[in-house]
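Bear in mind the structure is a predicted one, so any value in this text is a computation, not a measurement. Heavy-atom basis, side chains included; hydrogens, waters and symmetry copies ignored.
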There are 2 protein chains.
Amino acid sequence: MPGAKYNVIYDSLKEKIEEAVYAYANMLPSEHQLVEEYDCSRNTIRRAIRQLADAGYVQSIHGKGVQIIYQKQEQAEFLLSGIESLKEAVARNKQEYTTKVICFAELTVDERMEQRTSFPVGTEIYYLQRVRYIEGEALIIDHNYFRRDVVKDLTPEIAEKSVYEYMEQVLGETIVTTKRKLTVEKMTELDTKYLDMKGYNCLAVVSSHTFNADGVLFEYTQSRHRPDRFVFFDQAQRIK
Amino acid sequence: MPGAKYNVIYDSLKEKIEEAVYAYANMLPSEHQLVEEYDCSRNTIRRAIRQLADAGYVQSIHGKGVQIIYQKQEQAEFLLSGIESLKEAVARNKQEYTTKVICFAELTVDERMEQRTSFPVGTEIYYLQRVRYIEGEALIIDHNYFRRDVVKDLTPEIAEKSVYEYMEQVLGETIVTTKRKLTVEKMTELDTKYLDMKGYNCLAVVSSHTFNADGVLFEYTQSRHRPDRFVFFDQAQRIK
DNA sequence: TGGTATTTGTCCGTATGTATC
DNA sequence: GGATACATACGGACAAATACC
């Protein structure tokens, strides 16, 4: 819920950290102070702080306070984070992009495909190949597999815009969880045909399984990125 | 805290999911049922479930229940996840490894180095280059930068074993947060000298900044992985 | 050295809202 | 509409780590 109290507080604190009102290496006000400032319970403040920690903005130190560990990224060429469509990622990075659909097919999952996609044999799917141009450069080739009973009536025209937007705004579907695997793979003929590989002989490959609000695995995607413009950020806390 | 109630419940549920007592695509028992089973408050159950969701085991569906989305990984060759030392990662994957220190130096951070490491100019550091052999194969080259005032009295002998183990068990330091950046870079002469690149001309590069319990950035590391054995897993929830 | 205040961590109980069935 | 299930929010109590005098 975007309008929830803890999210409002999270956004407020995040902005203050990004604008260095609360600066790197300093402490956040204590939970008690924040409770007074935002007029809420301690649990609500703690929830907002937990989200800040998950996002890599702060870390809590028992008995001391909450330390700010956020530092501004310099030149985030292309930043992939959380679950978001390419359209969203590009918008966040204030860039332009276009998509060319080079393959659009309706298939039924066989045993070989079940291995990769985790769709049961017999599932009816759309299979797409799409080339993504960012700022005019061909940077990514996507191989998408969508369940036809979830992503209904998909067309090449929709696939040239945003499948996620179509799902959420037209079909009323909600995307919830994505599990991703990141590897580096040698390039294929298809890669070299569509991407200017700039001397690299391999690509950054993001393979993802995505679940909707019903807990149904509805998408398997392999995104093959030209290495020079690919960046992936991650943040982890050690279990105490 | 490992012994905390919510962690005990988390571990218990995780194990049941991994052993398919609660199987893929099924629902977890309701929060109410789990409260009775584990004799605790609903908050504690919810906390355990949240951790399961963060780890990619389940996803909650409002009004319906908690869906299990965990599927066993087949052959995880080398799995990098969370914050852990190479020693821990290798142990988890039940493999053998050795380390060769090919450079061990004490330096002072200059402006050029400040850019990459985020250490202030003038910081006294150890700079190490280490080759990591897993199952006898040279797979990784690490470039480590450690603050000398935190990682005290480091020696090549310690660096051949485990720096994290030394920090936690000897120095009593606690590692808390790691921020990582993942890129793909062309190989250097050093890479080709020590790694058998198997025809690849680039590597998976994990750059990480690590903070201790005092909120001090004490480590910057660049790990350069031979691509064919590198896998990175990630899991994300879409903000509702 | 020791005691007290501060701050974060854990856990519980309750009430209300919202989505699903 | 009613029952069930998850989501949000509040409040309180005690523990544990730290800081300060």
Review point. Pick the nucleotide of DNA chain D nearest each of Asp39(A) and Gly63(B); which residue has the one closer to the 5' end?
Key: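 Result of the comparison: Gly63(B).
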Review point. Nearest nucleotide by nearest heavy atom, which residue falls closer to the 5' end of DNA chain D, Ile61(A) or Lys5(A)?
Key: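 Between the two, 5'-proximity favours Lys5(A).
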Check your understanding: Below 4.0 angstrom from OP1 or OP2 of dC12(C), is there any side-chain N or O of Thr44(B)?
Key ->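 Result: yes.
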Check your understanding: Does Tyr6(A) have a side-chain nitrogen or oxygen under 4.0 Å from the phosphate oxygens OP1 or OP2 of dA9(D)?
Key ->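 Indeed not, no polar side-chain atom of Tyr6(A) lies that close.
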**Study point:** Most 5' of Arg42(B) and Asp214(A) on DNA chain C, judged by nearest nucleotide
**Key:**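 Final value for this comparison: Arg42(B).
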Check your understanding: Could one point to a donor on the side chain of His32(A) or the base of dT7(C) with an acceptor on the other under 3.5 Å away?
Key ->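 Donor-acceptor pair under 3.5 Å: no.
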Quickly work out the [X] [atom1] to [N] [atom2] distance and round it to whole Å.
X: Asn43(B); N: dA13(D); atom1: CG; atom2: P; result: 16 Å
X: Arg46(A); N: dC10(D); atom1: CZ; atom2: P; result: 15 Å
X: Ile49(A); N: dT8(C); atom1: CD1; atom2: P; result: 7 Å
X: Gln59(A); N: dT18(D); atom1: CD; atom2: P; result: 13 Å
X: Glu31(A); N: dT6(C); atom1: CD; atom2: P; result: 15 Å
X: Lys64(B); N: dC21(C); atom1: NZ; atom2: P; result: 5 Å
X: His62(A); N: dC14(D); atom1: NE2; atom2: P; result: 17 Å
X: Leu34(A); N: dC10(D); atom1: CG; atom2: P; result: 14 Å

**Study point:** Pi-cation contact, Phe218(A) with Arg147(A) (under 6.0 Å, within 45°)
**Key:**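 Checked: cation-pi criterion not met.
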Check your understanding: Under 6.0 Å between the ring centres of Tyr126(B) and Phe146(B)?
Key ->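 When the ring centroids of Tyr126(B) and Phe146(B) are compared, they turn out to be at least 6.0 Å apart.
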Check your understanding: What nucleotide, of dC10(D), dC6(D), dG9(C), holds the atom closest to the side chain of Ser60(A)?
Key ->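 Given the options dC10(D), dC6(D), dG9(C), the side chain of Ser60(A) is closest to dG9(C).
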Exercise for review: Show your working on salt bridge (Lys or Arg N to Asp or Glu O under 4.0 Å) between Glu31(A) and Arg46(A) and close with a plain yes or no.
Suggested key: CA-CA 7 Å; Glu31(A) 293 175 357; Arg46(A) 284 180 63 74; 2.8 Å; yes
Check your understanding: Roughly how far, to the nearest 0.5 Å, is CG of Asn144(A) from CZ of Arg130(A)?
Key ->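 Going from the CZ atom of Arg130(A) to the CG atom of Asn144(A) covers 4.5 Å.
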Practice item. Examine distances only and state if a side-chain atom of Asn212(B) and a backbone atom of Asp214(B) form a donor-acceptor pair shorter than 3.5 Å. Key: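 Yes, Asn212(B) side chain to Asp214(B) backbone: donor-acceptor pair under 3.5 Å.
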